[in-house]
Colleague: 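I am attaching a structure below and will ask some questions about it afterwards.
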Amino acid sequence: MDDDAFLHVVTETAEVWSGIAPPNDTARHMAADLRKIIVDFEAVRGRARFEDEPSDFEAALHACRENG
């Protein structure tokens, strides 16, 4: 999907879900930036492992103390 088509889909989706269209060029640029964010998240898919991290602050403190 090219950049124009992606922006069109994002704009239409926003209008369907919220009834709001991007009001200016800045909003359209921010919507277009979503494409890079999606690509960046797809690039780390499978490498980011939430379950390897402590589930809360107290668990993180205990993990740090146990590791030295």
Colleague: Identify the heavy atoms of Met1 and Phe6 that sit nearest to each other, and give their distance.
Modeller: SD-CA, 3.4 Å

Colleague: Identify whether Ile38 and Val10 are in the same connected component of the hydrophobic contact network (ILVMFWY, side-chain heavy atoms under 4.5 Å).
Modeller: yes

Colleague: I need the Glu42 CD to Ile37 CD1 distance, nearest 0.5 Å.
Modeller: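 If we round to the nearest 0.5 Å, Glu42:CD and Ile37:CD1 are 12.5 Å apart.
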
Colleague: Asp40: what forms a salt bridge (charged side-chain N to carboxylate O under 4.0 Å, His left out) with it, not counting sequence neighbours?
Modeller: Lys36

Colleague: Is the backbone N or O of Asp2 less than 3.5 Å from a side-chain atom of Arg35, with the two atoms forming a donor-acceptor pair by type?
Modeller: yes

Colleague: side-chain hydrogen bond (donor to acceptor under 3.5 Å, both in side chains) with Asn24: which residues, sequence neighbours excluded?
Modeller: none

Colleague: In terms of hydrophobic clustering (I, L, V, M, F, W, Y; side-chain heavy atoms under 4.5 Å; direct or indirect links), are Val39 and Val9 co-clustered?
Modeller: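 Cluster IDs for Val39 and Val9 differ.
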
Colleague: First locate atom CG of Leu34, then atom NE2 of His29, and finally report the distance between them rounded to the nearest 0.5 Å.
Modeller: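 Going from CG on Leu34 over to NE2 on His29, the span is 13.5 Å.
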
